[in-house]
Amino acid sequence: MINELILDFEKIFGDKMGVEAYFAPGRVNLIGEYTDFNGGHVFPCALTFGTYAVARKREDKLVRLYSKNFDQLGIIEFNVDELMNKKEHGWANYPKGVIWAFNQEGFSIEKGFEVLFYGDIPNGAGLSSSASIEVATSVVIKDLFNLDLDMIKMVQISKLAENKFIGVNCGIMDQFAIGMGKENCAVLLDTNTLKYIYSEIDLVDASIVIANTNKRRGLADSKYNERRAECESALKDLQSELNIKSLGELTEEEFEKNKHLIKNNIDAKRAKHAVYENQRTIKAVEALKQNDFETFGLLMNASHVSLRDDFEVTGEELDTLVELSWKQKGVIGSRMTGAGFGGCTVSIVKNDCIDDFIKNVGEAYAEKIGYGASFYVAKIGDGARKLS
Ligand code: GLA
C-alpha cells in the first residue's frame, strides 16, 4: 500500500525525494453516544482502516494537497498565510483547518508542505473519516516541523480545527479514539477529565460487525449542532438548582428527581439520553470486564432505543438495520454508532453466525430501503502514527 502511494506521490508531485508516510485510523464507538460534549464517558476503538498520508516539507510557503479519494479536484494549493475555509476546497478544508489550529495554539507553521492522502474509510459513514484526516494531518505537521507536542495535544488541535474552522461543534471522542487507540482495545474515556483506560476486547467466539446504511450524511448539515444546543439548554435549566458543570455528573436517580427543572420537553428528552447513556457506558465496561457479554449486548440495544426515541438521531435506515439485526441468531447486541442520521451500525455477532447475519440483514434491508447496506468485520487497530 505505502509503496504504491509513494509512486502516486511521485506521479502527482513530480518526484518522491524525502517523503515520509503516516497513518490515522477511523473509529467505531461501541457505546457512549452523544455523551462526549456532556462530560460523560465514551467507549470507542480505532479501526485498521483509515487515512494514509505521504508528505514532505517545502522551502516556500505553499501547501499542496491531493486526495486519491477526490482526484477530480486535482491538487489544492494555498499559502500558509491564507488559511480560509473555502467551499471549493472541499475535503482540503480539513487539513487546512488543522494548520490553522496549530497556529492558534502557538505553533506557527511558516513553511509549506505537500501531502498525498488516501483513505479507505467509507466517507460520511459515521466512522470518522474527517477526524481521521485531521489527526493524520496533525501527525504529519508535528513530524515535518519537528514540533514538541504529545498525541493528546494533537487530538485537541484536531478537534479545534473541526469546531472552529469546519464549524461542527463535536466533542473529543473521535479525535481521541483515532489518536490514542490501541490494537485489540477499546478506550474508556471520561470526557470530563480526559482520564482514560484501555480495555482489552476479547469477544471469545464473537466479532464486531459494522454495517453501513449507505445513506450519506454530512455532520455540518445534520442536526448535530442543534442536539448540542438542546443539551446545553437542559443543563442550564438544571443549574438553576443543581451545582453541576455537565450532565455527565448526574446519576439516573438524580436526573429523575430534578428533571422538572428543565423547561422544555424536547430538551428534557435529550438530557435524559445523555445521563442514562453515560451510566450505561460505565455499566457496559464493567460487564465486559466480567466477560458478561449478554449484559454488554443488552446495554448496546438500550443505547439504540434511547438514541431513537429520546435523542432522535436514528432515522429509518439505521432503525431498519438495527431492528433486523436484533432478530438474527447469534447477535449479542446492535446499535447505531457515531453521530447517526444515517451512517453505520455496530453489532456483536457470534463468529459462526456472521455469514447468515450479513445475508439475512442485507437482503431484508435492501428490500425495505431500496438499496443495499455494506458490512465489515472490524479489526481494532492502533492509533495514528508515522509509518516510515
Ligand atoms: C460525532 C462527533 C463526536 C460524538 C458523536 C456522537 O462522531 O464527532 O464528538 O459526539 O458524534 O457520540
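Every number for a ligand or one of its atoms is a count from 1 in the order of the listing. No hydrogens, no waters, no symmetry mates; every other heavy atom, side chains included, goes into these values.
Classification of the Phe145-Phe113 ring pair by plane angle, with boundaries at 30° and 60°, yields perpendicular.
For ligand 1, the polar-atom distance check against Tyr224 finds a nitrogen or oxygen pair separated by under 3.5 Å. Among the atoms of Arg27, some N or O lies under 3.5 angstrom from an N or O of ligand 1. Where the criterion is an N or O separation shorter than 3.5 Å, residue side chain and backbone included, Ser128 fails it with respect to ligand 1.
Ligand-side atoms of ligand 1 in range of Gly338: 6 (C), 11 (O), range being under 4.0 angstrom from any heavy atom. Here is the list of ligand 1 atoms found below 4.0 Å of a heavy atom in Met173: 4 (C), 5 (C), 12 (O). Taking a cut-off of under 4.0 Å to the non-hydrogen atoms of Gly171, the atoms of ligand 1 that pass are 9 (O). Under a 4.0 Å criterion applied to the non-hydrogen atoms of Cys170, ligand 1 contributes the atoms 2 (C), 8 (O), 9 (O).
Across the listed options Val168, Asp174, Asn163, Asp174 owns the non-hydrogen atom lying nearest to atom 1 (C) of ligand 1.
Heavy atoms only, all atoms of each residue included: Leu235 and Lys245 are closest at CD2-O, 3.4 Å.
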Show me the side-chain donor-acceptor pairs of residues 358-366 shorter than 3.5 Å, one per line, residues at least two apart or across chains.
from	atom 1	to	atom 2	distance (Å)
Asn360	ND2	Gln328	OE1	3.1
Asn360	ND2	Asp356	O	3.3
Tyr365	OH	Thr213	O	2.7

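Ionic pairing of Lys223 and Glu312 is not present here: no N-O contact between side-chain nitrogen and carboxylate oxygen is shorter than 4.0 angstrom.
Screening Arg280, Arg335, Lys272 for a side chain to side chain donor-acceptor pair (under 3.5 Å) with Ser306, the sole residue that qualifies is Arg280. The only option from Gln156, Arg27, Glu134 that meets the side chain to side chain donor-acceptor pair (under 3.5 Å) definition with Gln175 turns out to be Glu134.
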